[in-house]
Amino acid sequence: MDPEDAPSRPDDLLDALVRQDLDPLSVAELDARITVLQGEIARCQLKKDRAVSHRASADDLFRR
């Protein structure tokens with residue numbers, strides 16, 4: 001993600017994360033960062049999937 005595409009809310013942690021300079025990080029630090037971010041992506045995807053499923057269940061309930 002380009003820093004220009006980052007969310008624009010002040011004090012947004014995601015904004016700070018994508019703007020962080022990666023140059024000083026070692027390969028091991030970059031690997032650790034990638035692992036953590038992949039875990040966060042999985043957590044977000046699970047939350048989204050549950051929200052979509054919940055919405056579909058509610059839609060089915062109210063269609064009856």
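Computed from a prediction, not measured in an experiment: that's the story for all the values here.
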When you measure from the side chain of Glu29 to the backbone N and O of Ser26, does any donor-acceptor pair fall under 3.5 Å? yes
Taking atom types as modelled, is there a side-chain donor on Arg33 or Gln38 under 3.5 Å from an acceptor on the other? no
Checking Ser53 against Arg50 for the side-chain contact (heavy atoms from CB on, under 4.5 Å) test, could you report, in this order, the C-alpha distance in whole Å, the side-chain angles of both residues, the deciding distance, and whether it holds? CA-CA 5 Å; Ser53 177; Arg50 286 180 179 164; 5.6 Å; no
Residue Leu22 excluded, over 12 heavy atoms near CG under 6.0 Å: yes
Between Leu17 and Leu37, is a side-chain contact (heavy atoms from CB on, under 4.5 Å) present by the stated rule, with each step listed? CA-CA 10 Å; Leu17 179 71; Leu37 291 171; 3.7 Å; yes
Using 0.5 Å steps for rounding, measure from the CG atom of Leu46 to the CD1 atom of Ile41. 13.5 Å
